[in-house]
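All values below come from the heavy atoms of this structure, side chains included, with hydrogens, waters and symmetry mates left out.
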Protein chains: 2
Amino acid sequence: MSDPFVVVGADAAGLSAASKFRREAPDREVVVFEKGRWISYAYCGMPYFIAGYVDRLSDLLSLSPSEVAERGIDLRRGREVIAVDPDAKRVTVETAEGDRFERAYGDLLVATGARADPGPFDVRGLDGAFTLHNMDAAAAIDAYVAEPEAYDPDRADVSAVDRDRTERNAAMPAPETAAVVGGGYVGVEVAEALAERGLEVRVFHRSGHLLSPFGEAVGSRVEAALEAEGVAVHTDAPVDALVGDDRIEAVEVGSGGGGASPERIPVDMAVVGVGIRPNTELLDGTGFDRGPGDAIRVDDRGRTSLPDVYAAGDCATARHAVTGEPDWTPLGLTANRAGRAIGATVAGDPTPVGDIAGTAAVKAFDTEAARVGILDPDAAEAAGFDPVRETVTAGSRSGYYPGAAETDVTLVADRDTRGLLGGSVVGTDRAAIRIDTLATAIEADMTVPEVERLDLAYAPPFSPVWDPILVAAKVLNGKIDG
Amino acid sequence: MSDPFVVVGADAAGLSAASKFRREAPDREVVVFEKGRWISYAYCGMPYFIAGYVDRLSDLLSLSPSEVAERGIDLRRGREVIAVDPDAKRVTVETAEGDRFERAYGDLLVATGARADPGPFDVRGLDGAFTLHNMDAAAAIDAYVAEPEAYDPDRADVSAVDRDRTERNAAMPAPETAAVVGGGYVGVEVAEALAERGLEVRVFHRSGHLLSPFGEAVGSRVEAALEAEGVAVHTDAPVDALVGDDRIEAVEVGSGGGGASPERIPVDMAVVGVGIRPNTELLDGTGFDRGPGDAIRVDDRGRTSLPDVYAAGDCATARHAVTGEPDWTPLGLTANRAGRAIGATVAGDPTPVGDIAGTAAVKAFDTEAARVGILDPDAAEAAGFDPVRETVTAGSRSGYYPGAAETDVTLVADRDTRGLLGGSVVGTDRAAIRIDTLATAIEADMTVPEVERLDLAYAPPFSPVWDPILVAAKVLNGKIDG
């Protein structure tokens with residue numbers, strides 16, 4: 001075990017693993033290779049930077065390279081691991097200059113993350129067209145949105161930023177209209193951000209409701225919340241193409257279904273958020289097992305099918321608490337937690353990476369929404385359940401207390417066992433945080449009758465006597481009783 | 001079973017039981033005897049009425065007598081059940097005029113609630129001195145606080161209100177200073193309410209921290225929150241006496257300990273909230289079993305030791321989720337839930353009343369606090385545990401997101417099993433509602449390592465990657481390992 005613990009990728013999973021390993025095994029070596037210049041940035045914060053809620057790009061960095069060095073971690077930026085030889089236990093590394101070298105590992109963690117999948121769209125070749133999946137893109141979008149004379153270069157106050165790209169975007173005329181292509185949570189957050197910056201924003205979503213994984217009850221309220229703030233929401237409206245020569249001029253919508261002729265809608269900007277894809281190319285040729293979403297399949301300790309090779313974060317699967325099966329739901333906590341657990345395991349303290357429940361939260365202006373578990377009846381049936389679903393609307397506080405707001409709770413259960421399978425919450429008053437109650441109930445394998453009897457907090461400023469979650473459980477139980 | 005289901009008390013537990021029974025057994029008779037004029041009022045809302053957050057006393061009523069009648073419930077107000085003969089299965093009822101009659105029952109529910117215990121203080125004989133445990137008191141306090149010329153009689157817009165008492169209090173000169181005797185949650189809420197009404201308020205609490213059942217971490221932050229709004233907080237300061245002839249003139253403090261001479265602090269008003277006591281007198285002589293707090297001991301179906309006699313709400317015990325033992329923690333959800341379950345059980349559908357976790361929440365101006373389970377190490381030891389406790393301070397949101405606020409989470413676990421025993425949360429940003437996560441974990445018998453691995457929602461506006469609860473679990477696990 002004299003060869004080092006090699007980590008590929010210096011973001012949430014990678015640095016969590018390296019830090020935990022270093023604390024638990026202070027005498028052993030850990031090397032982190034990062035292909036880019038950025039480390040440890042808060043991907044989830046980028047829309048809020050663009051919105052202007054966050055003043056500086058540097059606010060989104062949780063660790064600087066020097067802080068990483070102080071932890072005793074050998075961080076090598078501008079070093080891309082391009083191949084792994086699991087038999088020889090060596091990685092091939094390529095420098096930014098194109099030089100290559102090999103490095104032996106004792107244990108290897110692949111924490112390469114994911115990248116925006118632009119789908120069929122050419123965002124690179126068109127000014128004003130973007131995906132949002134790294135800090136350079138966030139800086140470029142922020143610069144593009146600003147009036148050239150009003151742009152504040154201090155906003156992108158990080159040495160790692162791609163200054164040429166930022167300055168080029170800052171110099172372009174500010175857009176007045178924007179298309180957000182894809183109504184997932186990044187799409188919703190970007191729509192809010194661009195509207196906050198004064199743009200006229202349209203969101204185009206392929207299917208019938210925004211935020212598909214959150215279910216209809218959430219989707220319809222989030223659509224209403226966006227529209228109330230002037231954002232136009234187009235559902236069942238797949239974008240076929242971005243139109244323009246050098247700069248984007250329009251999006252082409254709706255040629256897909258039923259022979260309708262496509263419509264061109266002029267826009268000065270487009271942000272494409274139609275999906276992401278795990279970065280797994282460095283394992284090509286090793287014969288590693290893949291899981292859902294073509295992510296790297298791992299077990300409950302984060303081990304891949306290759307000996308002494310772990311994977312964590314957005315490139316890896318995790319076990320779903322409801323199905324017990326591998327799932328791919330790339331989110332920040334999953335990455336941090338799995339990285340930390342693998343750091344401990346490699347240091348000699350075997351630690352489970354933990355199940356995921358698919359817990360996610362998002363906001364659209366003042367409307368908060370969250371989801372957990374399995375909400376889609378088809379997905380529940382595919383997993384072998386007989387799903388029954390109910391949505392209730394209940395007050396967030398005692399009815400007489402100022403600020404009480406309608407809160408919609410959806411619960412999905414298995415008809416036979418009454419086991420809780422999933423749920424969502426949407427509303428304007430402390431709605432999103434209530435999902436943690438359901439996440440805990442799901443990870444504890446609770447039934448809906450057990451949820452109905454939970455002793456949740458009642459106090460008029462925070463919750464009515466019967467919390468919206470209890471109301472939903474009561475109504476769903478009644479529905480199952482028939 | 002031709003004799004009716006007789007319910008004593010027309011508030012949360014009694015009316016929940018009668019309503020549920022009526023729906024499930026529409027052909028059977030249910031009679032509710034209520035000694036007073038008020039039914040179905042929100043005790044927990046009274047401080048917010050006094051504060052002025054709620055415009056009308058009637059806003060605190062959830063059901064009117066005519067709505068109860070529409071449900072097919074035979075409600076008799078002004079009828080006090082003064083005795084129960086469990087052998088003959090009959091109750092003795094006394095009317096407001098002093099007449100008595102007997103009534104046979106098939107099943108009996110005692111839902112008589114609790115009353116304020118004024119301790120050694122004579123609040124009835126002194127103008128300006130109050131306890132707060134019914135609507136007449138709320139109306140009187142509200143009237144007393146108002147300037148005589150500014151009092152709005154429409155605030156107490158309910159026919160059942162004691163108009164003589166209200167008008168007498170309204171006519172008195174408005175107080176400028178107030179003492180709140182007792183720093184439990186009613187005391188904290190009343191202190192806020194009176195401060196909102198412009199009074200100079202002092203809170204006197206017997207022990208070292210306000211909100212003793214919430215633990216020190218909560219008590220000290222709530223004290224700071226009150227003081228920041230100008231409320232003086234005196235801890236270790238038992239009040240010995242209320243001083244005055246007709247109207248209160250002062251409170252006498254501090255003769256209790258160490259031979260210090262008592263201090264007289266002039267006040268124009270005092271609200272005493274030093275405890276409550278279950279109303280059980282109607283069962284005197286029946287030989288019924290008592291539990292903690294001298295409340296009526298019941299089993300998991302709400303059955304007392306007397307045949308066909310149930311008890312629910314503030315007069316009854318409930319089983320504690322952590323100890324499995326009877327406990328007395330009178331709160332609104334417990335009453336509603338137990339009443340509803342007993343209504344179903346009596347109708348022929350045996351239903352557990354559910355465990356309690358001691359979940360409670362309170363606010364002091366913008367600071368929210370909540371607690372669950374066993375927080376006090378002595379109480380944990382008495383229940384056979386080896387408690388270990390930790391308090392952490394963590395952000396409520398991602399650090400870069402506006403509005404992130406310091407949130408203190410305390411967790412208590414059993415060292416041996418690592419089972420979660422209790423917890424508290426205090427802070428200004430969505431703090432109280434987070435207790436539901438811990439309540440769910442406690443009712444699911446989770447360990448602290450399981451809590452640490454919970455997949456809680458992460459989104460910058462609502463929670464950092466590591467939610468404060470996850471941080472607390474991580475630190476507590478480290479302490480146990482340490």
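- The candidate with the highest count of non-hydrogen atom pairs below 4.5 Å against chain A, out of B:P352, B:A321, B:P464, B:S463, is B:P352.
- Interface summary for chain B: among A:T334, A:I435, A:N336, the most heavy-atom pairs under 4.5 angstrom belong to A:N336.
- At distances below 3.5 Å, not a single donor-acceptor pair connects side-chain atoms of A:D436 with backbone N or O atoms of B:R434.
- At a 4.5 Å heavy-atom cutoff, the contact between B:E368 and chain A is made by backbone and side-chain atoms alike.
- Neither the backbone nor the side chain of A:R397 comes within contact range of chain B; no heavy atoms are under 4.5 Å apart.
- Options A:T359, A:L60, A:D429, A:D55 differ in how many heavy-atom pairs under 4.5 Å they form with chain B, and the most are formed by A:T359.
- Among B:A361, B:G332, B:C44, the residue making the largest number of heavy-atom pairs under 4.5 Å with chain A is B:C44.
- At a 4.5 Å heavy-atom cutoff, A:V372 makes no contact with chain B through either its backbone or its side chain.
- Contacts of A:L438 with chain B are absent, with no heavy-atom separation under 4.5 Å from either backbone or side chain.
- Of all the listed residues (A:A341, A:A12, A:A432), the one sharing the greatest number of non-hydrogen pairs under 4.5 Å with chain B is A:A432.
- Chain A forms more heavy-atom pairs under 4.5 Å with one residue of B:D59, B:I356, B:L333 than with any other, namely B:L333.
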Practice item. Let me see the working for A:L456 and B:T440 under side chain to side chain contact (heavy atoms under 4.5 Å, CB included), right down to the final yes or no. Key: CA-CA 8 Å; A:L456 302 185; B:T440 305; 4.0 Å; yes
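- For chain A, the option among B:I433, B:V362, B:D355 with the highest count of heavy-atom pairs below 4.5 Å is B:I433.
- Crowding of A:D366 atom CG: a count of heavy atoms from other residues, nucleotides or ligands under 6.0 Å not exceeding 12.
- Proximity to chain B (any heavy atom under 4.5 Å) is shown, for A:R337, by both the backbone and the side chain.
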Exercise for review: Give the C-alpha distance, both sets of side-chain angles, the deciding distance and a yes or no for side chain to side chain contact (heavy atoms under 4.5 Å, CB included) between A:R453 and B:V353.
Suggested key: CA-CA 8 Å; A:R453 285 193 296 273; B:V353 294; over 6 Å; no
Check your understanding: Do B:R430 and A:F462 pass the side chain to side chain contact (heavy atoms under 4.5 Å, CB included) test, and can you show the C-alpha distance, the side-chain angles, and the key distance before you say yes or no?
Key -> CA-CA 9 Å; B:R430 296 177 173 82; A:F462 313 122; over 6 Å; no
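- With a 4.5 Å cut-off on non-hydrogen atoms, A:Y53 touches chain B through its backbone and its side chain both.
- Contacts with chain B were tallied for A:E189, A:E450, A:R340; A:R340 has the most, counting heavy-atom pairs under 4.5 Å.
- Among B:P449, B:A439, B:G45, B:G354, the residue making the largest number of heavy-atom pairs under 4.5 Å with chain A is B:G45.
- Chosen from A:A444, A:P47, A:P460, A:A459, the residue pairing most often with chain B at heavy-atom distances under 4.5 Å is A:P460.
- Taking 4.5 Å as the limit, every side-chain heavy atom of A:L331 sits out of range of all side-chain heavy atoms of B:Y458.
- A donor-acceptor contact shorter than 3.5 Å links the side chain of A:D455 to the backbone of B:A357.
- Between chain B and the options A:E443, A:K474, A:E452, heavy-atom pairs under 4.5 Å are most frequent for A:E443.
- Residues from residues 398-405 of chain B that place a non-hydrogen atom less than 4.5 Å from a non-hydrogen atom of chain A comprise B:Y400, B:Y401, B:P402, given in numerical order.
- Contacts between A:A370 and chain B at a heavy-atom distance below 4.5 Å are absent for every atom of the residue.
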